[in-house]
2 protein chains.
Amino acid sequence: MATIGDVAREAGVSRSTVSAVLNGRKLVLPETRGRVEAAIAKLSFSVNAGARALATARTMTLGVVVRFHEAEFSPALATYLVALSDAARESGYSVMLLTEADGEAAVRSAIAGRRVDGLVLLNVVEDDPRMEPIAASGFPAVLIGMPQDTRGIDAVDLDFAAGARLLVDHLAEVGHRRATFVRWPDDLYAAGSTYAIRFAAAAREQASGRGMTLEEVPCAVGPEQVRSALGEELLRREAPGALLVHNDAAVAMLPFALHDVGLRVPADRSVVSLHSAELARLYALPFTSVESEPEAVVHTAVELLVRRIDAPDEVPVARLVAPHLERRDSVAPPA
Amino acid sequence: MATIGDVAREAGVSRSTVSAVLNGRKLVLPETRGRVEAAIAKLSFSVNAGARALATARTMTLGVVVRFHEAEFSPALATYLVALSDAARESGYSVMLLTEADGEAAVRSAIAGRRVDGLVLLNVVEDDPRMEPIAASGFPAVLIGMPQDTRGIDAVDLDFAAGARLLVDHLAEVGHRRATFVRWPDDLYAAGSTYAIRFAAAAREQASGRGMTLEEVPCAVGPEQVRSALGEELLRREAPGALLVHNDAAVAMLPFALHDVGLRVPADRSVVSLHSAELARLYALPFTSVESEPEAVVHTAVELLVRRIDAPDEVPVARLVAPHLERRDSVAPPA
DNA sequence: CTGAAAGCGCTTACAG
DNA sequence: CTGAAAGCGCTTACAG
């Protein structure tokens, strides 16, 4: 591989001048710049990222710390990773995958090894142990997820509370006074899944504010459990005429469960849901819904992180991405 | 951050000695080594990966080049990425995500920038353009996928042909003489998906060798299309008593399609399938099947790539991972 | 067994 | 506007 020295020799200038051209500094005569560029092309030179990193103390790479939670390990992860890599590239950064089972250790060693300029923590939960080494060191980072205490770390997430309000309002506006709230199983809330907690709290509050009753059905994620739980609820006497769903497994099965018991949407039941964009893509779900916005969330995360790398001492920010309602005619006034 | 110089000073030795300890070289007196280790711990020193990379001309990172194919962008991708990162870490490597839409450009710039020691190409198709810059430069790489012409590049994949034979044999052994082969849509084969091509060819050959007739039903991936295609086939007069499925979308829907038309497995239909491990995890599919083996495939890929980095001139190897049959009592003799 | 020196490929003041 | 020099934090022959 050609080095900057080879280019300098070829162009008949010094290495500093080549460097100036490389970094787009002004104050290089057009004629000189032209010679350097020709030499670069001729030798198909490309700067050695590692050497530049050593000289500038900037690696221009971001680490993404994936968190494992067997039950949640979802199809959405790839979407986030790819979107993150794309967003990073737009800002001139590469992305390194950090997947140690022990996320806290992954964070510590990433900081210590200085291979990255900043960290993105995916799928952050309440009291996430990965926050500790970051809070302690002040290393640039951004959380995806919105725990109550962000420990002074920048954080971004979809505004799940606003999503819940949009959906509840949509049901209330056509006259529903009761809805079945098909939600995640209790242990997910207990495990501190911030999005689940925020959605549920806002749904309850908004429903109560609008004089609406929510009947909650927690739903485990196994296909059989989901199917029987849904079937039972749908066949129940006095079941509400509307379903508010926040559970990816349940919403994926819902069309089949409805079909099983011969109920039509929206004639027999109104359905609204908040689910991941990836799920919508895979299943073409026919429900009016709020979808996660992985691109927007991740784009904001990269923006905050890059800013944080440049200005480590500014005050931490928390940003919620506004959700929007995708209408799909699955809601009608109650019978 | 502490540098190797700080450690040397603290321990009262030279930087070379610290380096020798760091790299586990023998010929350091235990006493000296102890002093150095104490200093490292005291200063919580950690070697700067970039500086080491510059000095050794080894980045100790692998690039993974994700390929986009809208229709295929599958839940399995995350599994491969995480497994890859884990396998790489075991060998002392990190993983960098390369996601440019233009995979060929991604490969070129990864090679030019020297940020990685080797490349893993995910989901390689026939005549994959990403192979070109690798073949031209001899840069260490490994294909996941097995095109007919690997261009001299190491390659690994599940042995889809062997998987097809296992499944066909399993049906033939209990006496099936006819089976519906629910497969991918034609355009996937046309696009050069090597796994689909190899599976189909082997299935046909094995069936014909065992005197079995395969009636092929290509199945598009949209949920509605899948459902109606399956429903139609299941209700067809004279439909075979067995289904051989190689289509993730179809197999995910199959339990519902069977339920729709009131057919039981294996009493009314025998079913065998080859599908991704991720799908099996998400849906707990009740069929005897061969599943993709992402961990084994990726582990082998890393092994080959690391070896290739160390020995660039050895002859290229192609490795097929043996599949195994997971029995789930979905096969019975024909009625 | 340990240390001094050179070098990896860049960037960045600082002269001129 | 351009070049010479020092330095980023390591490793690796080479002396001793």
Side-chain angles (χ1 to χ4, degrees), chain A residues 1-40 43-61 92 94 109 111-117 310, chain B residues 1-40 43-61 92 94 109 111-117 310:
Chain A
M1 294 301 288
T3 73
I4 206 175
D6 300 327
V7 174
R9 196 173 317 116
E10 176 73 27
V13 298
S14 76
R15 300 191 304 152
S16 325
T17 304
V18 177
S19 178
V21 171
L22 249 26
N23 293 286
R25 256 175 273 150
K26 295 289 167 205
L27 317 186
V28 180
L29 282 182
E31 195 270 334
T32 313
R33 175 184 305 278
R35 285 216 314 284
V36 171
E37 282 165 351
I40 288 175
L43 303 176
S44 65
F45 164 83
S46 180
V47 0
N48 179 312
R52 172 177 281 175
L54 185 55
T56 58
R58 281 290 181 84
T59 62
M60 296 310 285
T61 108
S94 302
S109 75
I111 295 178
R114 296 272 148 182
R115 323 173 145 261
V116 300
D117 296 332
D310 291 329
Chain B
M1 294 300 289
T3 75
I4 207 176
D6 300 327
V7 174
R9 196 172 317 117
E10 175 73 26
V13 299
S14 76
R15 300 191 303 153
S16 325
T17 303
V18 176
S19 178
V21 171
L22 250 26
N23 294 286
R25 257 176 274 150
K26 295 291 167 201
L27 318 186
V28 179
L29 282 181
E31 196 269 336
T32 313
R33 175 185 305 279
R35 284 215 315 282
V36 171
E37 281 164 352
I40 287 173
L43 303 175
S44 64
F45 163 83
S46 179
V47 2
N48 179 312
R52 171 177 281 176
L54 184 57
T56 59
R58 280 290 180 85
T59 62
M60 296 310 285
T61 109
S94 301
S109 75
I111 295 178
R114 295 273 149 183
R115 324 174 143 259
V116 301
D117 297 332
D310 291 330

What nitrogen or oxygen pairs link the protein and nucleotides 14-16 of chain D at under 3.5 Å?
none

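- Nearest heavy atoms, Val13(B) versus Val36(B): CG2-CG2, 3.9 Å.
- Toward the 5' end of DNA chain C, the nearer of the two residues Glu31(B) and Ala51(B), judged by each one's closest nucleotide, is Glu31(B).
- When all heavy atoms of Arg15(B) and Gly5(B) are compared, the closest pair comes out as CD-CA, 3.9 Å.
- Checking the phosphate oxygens (OP1, OP2) of dT11(C), a side-chain nitrogen or oxygen of Ser19(A) falls inside 4.0 Å.
- Among all heavy-atom pairs drawn from Ala11(B) and Arg35(B), the shortest one is O-NE, 2.9 Å.
- The phosphate of dT12(D) (OP1 or OP2) has no side-chain N or O of Thr56(B) nearer than 4.0 angstrom.
- Contact annotation: the side chain of Asn23(B) approaches that of Arg52(B) to within less than 4.5 Å [non-hydrogen atoms, C-beta and beyond].
- For the OP1/OP2 pair of dC8(C) and a distance below 4.0 Å, the side-chain nitrogens and oxygens of Asn48(A) include no atom meeting the criterion.
- One can place CD1 of Ile40(A) at 16 Å from P of dG9(C), the figure rounded to the nearest angstrom.
- For the pair Leu54(B) CG and dG7(C) C1', the interatomic distance rounds to 9 Å; values are reported in whole Å.
- With rounding to the nearest 0.5 angstrom, the CG atom of Asn48(B) is 10.0 Å from the CG atom of Leu54(B).
- Listed by first residue number, the stems of DNA chain D with at least three Watson-Crick or G-U pairs below 3.5 Å are C:1-3 with D:14-16, C:5-12 with D:5-12, C:14-16 with D:1-3.
- Note: CZ (Arg52(B)) to P (dC10(C)) measures 21 Å, nearest angstrom.
- Atom CE of Met60(B) and atom C1' of dC8(C) are 17 Å apart (whole Å).
- If you check the side chains of Thr17(A) and Ser14(A), you find a donor sitting under 3.5 Å from an acceptor.
- As a whole-Å value, the separation of Leu43(A) CG from dG9(C) C1' is 15 Å.
- Taking side-chain N and O atoms only, Thr17(B) has a distance below 4.0 Å to OP1 or OP2 of dG3(C).
- Side chains of Asp310(A) and Arg58(A) form a contact here, defined as non-hydrogen atoms less than 4.5 Å apart.
- At whole-Å resolution of the value, CZ in Arg58(A) and P in dT11(C) are 14 Å apart.
- Closest to the Ser16(B) side chain, of the nucleotides dA13(D), dC10(D), dA5(D), is dA13(D).
- Within residues 3-13 of chain A, the residues that place at least one heavy atom under 4.0 Å from DNA chain C are, in residue-number order, Thr3(A), Ile4(A).
- Separating the CZ atom of Arg15(A) from the C1' atom of dA4(D) is a distance of 10 Å, rounded to the nearest angstrom.
- A 4.5 Å side-chain heavy-atom check between Leu22(B) and Val7(B) finds every atom pair outside the cut-off.
- Put simply, the side chain of Asp6(A) reaches to within 4.5 Å of the side chain of Thr3(A), judged on heavy atoms.
- Atom OG1 of Thr32(B) and atom CD of Glu37(B) lie 11.0 Å apart (nearest 0.5 Å).
- Rounding to whole angstrom units, CZ of residue Arg35(A) and P of dC1(D) are separated by 15 Å.
- The shortest non-hydrogen separation linking Thr59(A) to Arg115(A) is OG1-O, 3.4 Å.
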